[in-house]
Amino acid sequence: MKGSSYVFGINAKGILQHLYWGAPVDVEDCIPLLTNRFHSSFDMELEREIEEYSFWGGLVYSEPSLKVIWQDGVRDLCMDYEGHQITKQDGKETLVITMKDSVYPLEVHLTYAVIPEFDLVERSVRIVNTGEYEIVLESMQSAAWSLPALPDYRLTHVTGKWSGEFQLRNTVLSEGKKVLESRRGFTDGHANPWFAVDNGHATEERGQVWFGALAWSGNWKITAEKSSFNQVRVSGGINDFDSEWILGPGESFNTPMFVGGYTEGGFGEMSRHLHHYQYQYIIPSQEPRKVLYNSWEATYFDVNAKDQMALAERAANLGVELFVVDDGWFGARNHDRAGLGDWFVNQEKFPNGLNELIEKVHALGMEFGIWVEPESVNPDSELYRQHPDWVYHFPTRGRTELRNQLLLNISKPEVKQYILTFMIDLLSKHDITFIKWDMNRTITEPGMKDHPIHRQKEVWIRHVQTLYEIWAELRERFPHVAFETCAGGGSRIDLGILRYADQSWPSDNTDAFDRLSIQEGFSYAYPPKLMTCWVTESPSGMNKRVMSLAYRFHSAMMGTLGIGSNLNEWSDELIEQSAGFVQQYKDIRPVVQYGQQYRLPDLKHKGVTAVQYVSLDGSESVLFGFLHSQRLGEPLPRLRLQGLRADQSYRIDQLEGTWTGRALMNIGIELPLRGDFDSLMYRIQCV
């Protein structure tokens, strides 16, 4: 790899032992590390604390990577190295190591794919039953990442809740385990499957950081475990809580991919590596994301052709490129208590069908998108009345309703086909280029009717696998359609769903100030292009906070811009002003959606959030600055920029004069931010 080395080997006991992960070294330098260590009979084999993939069995008490039950009741593993192979797959150099149990018919293939330009390693595992009996997989993690010895270990992660996702947290790891996880059936907004570890002193601009992100959209678990001997290992994969997978004869199971990386460039470079890795290797489309309008906050469930056409005219005057109709267009969907699951166009609301509105939207120069929530159903719906056993439930228990909804068991073939049929019909009969796929329901009472009793705990995995299958088929049939992932806000955002989704909805909270912290936490792992951000009303519905139009637009322009206000209540003057901001965004969109992002921390102690975007060639940059509140009449210190060419001269719109990149990065600029909730956007270009 370009700026790091990742080294492991087989020790004298035949254990696949991790040796080194960090700045570049030669393999020969690591040979002295390949040793056996012993402390006492009361402690595990110390070299197994750094086992490359932890097989449960023998003298080991740490978090296992793989744990099984054999048909005769034996519950451990004794794995031997069988061989390895190096190939090229999808343009990546890939190493596959084969391990076999010494007695039982099981093969484990450890896969490593290298992304050298970003110092990343993609890891996953293929587990193969080569025998005649079923094997119960109790835990099958994707990877275990062993970290080098550090004086202290600081774990950085995100936490949150509905309307407050992606809040940054950090904690010092002491002996024991720190577990990040979801048990709700999707990725979850209370945590996200990403981590970073440093020695407690890394900053945005410098310092060693080890990090990883898991590609799984269901129950997941990341465990950071520190032993009594100052060894830290971070393991992660599908959550083993209430989970088992029955591996039949001749069958295999593939764990989700877990990508890990190392940088000496601090948290900023970590994020930029992850961003551009996703642009190049993960997301399905390289097309720029369009400026969209969503009608939800204007009409809620009171959707009809006439009002939507009026909104479309106002949106077109703004310069919107994509008009999206949200919930309320189908079935008896006049509120959130009925109609979900009945995916036919409401004839009272659209007497001439959807195409009348779509043709109007196209005539106004915009593309058309629509909202769906295929995984859920209202009990008050034709679908539920016909198929009450299609939902997850336990036969002797009540069926918990959340948002007046139940959740469909989409792994049932007939349910999967129902979803595919109506989605294919919707996209075939209408010129739709954007789908907002929502999910407002966690999994409760996770029983699967007609599924074998001893395989009921497969529910969590089967839901996600089926979801991926549905999205994969829809993307193959309709490659021109972009998909947005949404789950009550930001509860389904991870590298797994982003293989199918062109963008994501990070939070239902559109308060422009709250969004700054949500968007900051999002940016640690995920890139701006994938983050949909709306301009909505002031005062905000969330906090009743009053903010200027400029502040609201500037906050939303830091990702993929959207507008979600009730345009029918906007004056012509407000529409005209907003159209100016939309055009500004279109002008800077290539830099925001494809450039390098820099979080500028210099003035954070003064209540300033500053984020900069720089084109890949360094010729153009965009700076956003936000002041929470001015205190004691004090002016702000100068803000130092990043990522520019040192010897190049730059001009800044709204300011007179020119500056060298060196001056902007070392001396900085003054920010004329004053009062409460003030903001600015500077466009910085080569002279």
Side-chain angles (χ1 to χ4, degrees), residues 160-163 165 182 184-189 217-218 289 292-301 303 322-331 333-343 345-346 368-378 381 383 391-392 401-408 410 415 418-420 422-423 426-427 432-443 463-464 466-468 470-471 474-475 481-494 496-498 500-510 518 530-534 536 560 562 564:
K161 56 188 177 184
W162 178 80
S163 80
E165 299 89 336
S182 170
R184 289 174 167 81
F186 48 29
T187 319
D188 201 5
S217 309
R289 304 315 318 138
L292 67 82
Y293 175 77
N294 184 290
S295 65
W296 173 246
E297 293 193 13
T299 60
Y300 295 100
F301 296 101
V303 176
L322 170 65
F323 184 86
V324 182
V325 174
D326 211 280
D327 197 352
W329 59 269
F330 55 91
R333 190 68 167 169
N334 299 310
H335 40 66
D336 66 8
R337 301 183 300 279
L340 193 61
D342 299 338
W343 297 104
V345 178
N346 184 301
F368 183 81
I370 203 161
W371 176 97
V372 294
E373 189 176 356
E375 297 159 79
S376 296
V377 62
N378 286 128
S381 67
L383 178 66
V391 300
Y392 294 119
E401 294 182 26
L402 298 174
R403 200 174 182 252
N404 307 300
Q405 298 173 193
L406 300 170
L407 197 65
L408 294 170
I410 64 173
V415 179
Y418 174 79
I419 293 172
L420 279 170
F422 90 71
M423 285 298 299
L426 178 68
L427 294 173
I432 295 171
T433 59
F434 179 87
I435 291 290
K436 180 174 183 177
W437 185 297
D438 206 346
M439 181 190 182
N440 292 298
R441 181 65 163 78
T442 57
I443 295 180
H463 191 99
V464 181
T466 308
L467 178 74
Y468 289 165
I470 291 171
W471 280 49
L474 292 175
R475 293 228 53 138
V481 177
F483 284 74
E484 180 177 85
T485 175
C486 174
S491 288
R492 189 183 270 162
I493 298 173
D494 60 83
I497 199 66
L498 292 178
Y500 309 97
D502 301 89
Q503 58 199 71
S504 64
W505 181 238
S507 181
D508 286 342
N509 184 350
T510 59
I518 293 169
L530 303 185
M531 178 177 66
T532 310
C533 313
W534 288 2
T536 53
T560 286

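Heads up: numbering here begins at 1 and tracks the sequence.
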Under 4.0 Å between a Lys/Arg side-chain N and an Asp/Glu carboxylate O for Glu401 and Arg337?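 So Glu401 does not pair with Arg337 through a salt bridge.
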Salt-bridge contact Asp188-Lys161 (side-chain N to carboxylate O under 4.0 Å):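 Salt bridge between Asp188 and Lys161, a charged N being under 4.0 Å from a carboxylate O: no.
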Once the angle between the rings of Trp343 and Phe422 is folded into 0 to 90°, is it parallel (under 30°), tilted (30 to 60°) or perpendicular (over 60°)?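 Answer is parallel, since the angle falls under 30°.
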Would the distance check show the side chain of [X] and the main-chain N or O of [Y] forming a donor-acceptor pair, the cut-off being under 3.5 Å?
X: Ser507; Y: Gly490; value: no
X: Tyr418; Y: Gly341; value: yes
X: Thr299; Y: Ser295; value: yes
X: Asp508; Y: Ser163; value: no
X: Arg333; Y: Ala338; value: yes
X: Trp534; Y: Thr536; value: no

For a 4.5 angstrom cut-off between non-hydrogen side-chain atoms, does [X] reach [Y]?
X: Tyr500; Y: Thr485; value: no
X: Thr187; Y: Arg492; value: yes
X: Asn294; Y: Trp371; value: no
X: Phe434; Y: Val481; value: no
X: Trp471; Y: Phe483; value: yes
X: Ile435; Y: Met423; value: yes
X: Asp326; Y: Glu297; value: no
X: Leu292; Y: Phe323; value: no

Working to the nearest 0.5 angstrom, can you tell me the gap between [X] [atom1] and [Y] [atom2]?
X: Leu383; Y: Leu406; atom1: CG; atom2: CG; value: 11.0 Å
X: Glu375; Y: Leu467; atom1: CD; atom2: CG; value: 5.0 Å
X: Leu322; Y: Tyr293; atom1: CG; atom2: OH; value: 12.5 Å
X: Leu530; Y: Ile493; atom1: CG; atom2: CD1; value: 9.0 Å
X: Trp162; Y: Asn440; atom1: CH2; atom2: CG; value: 10.0 Å
X: Trp437; Y: Glu373; atom1: CH2; atom2: CD; value: 10.5 Å

If only side-chain N and O atoms count, and only distance matters, is there a donor-acceptor pair under 3.5 Å linking Thr532 with Glu484? yes
Can a side-chain donor-acceptor contact be found between Gln503 and Arg289 if the only test is distance below 3.5 angstrom? yes
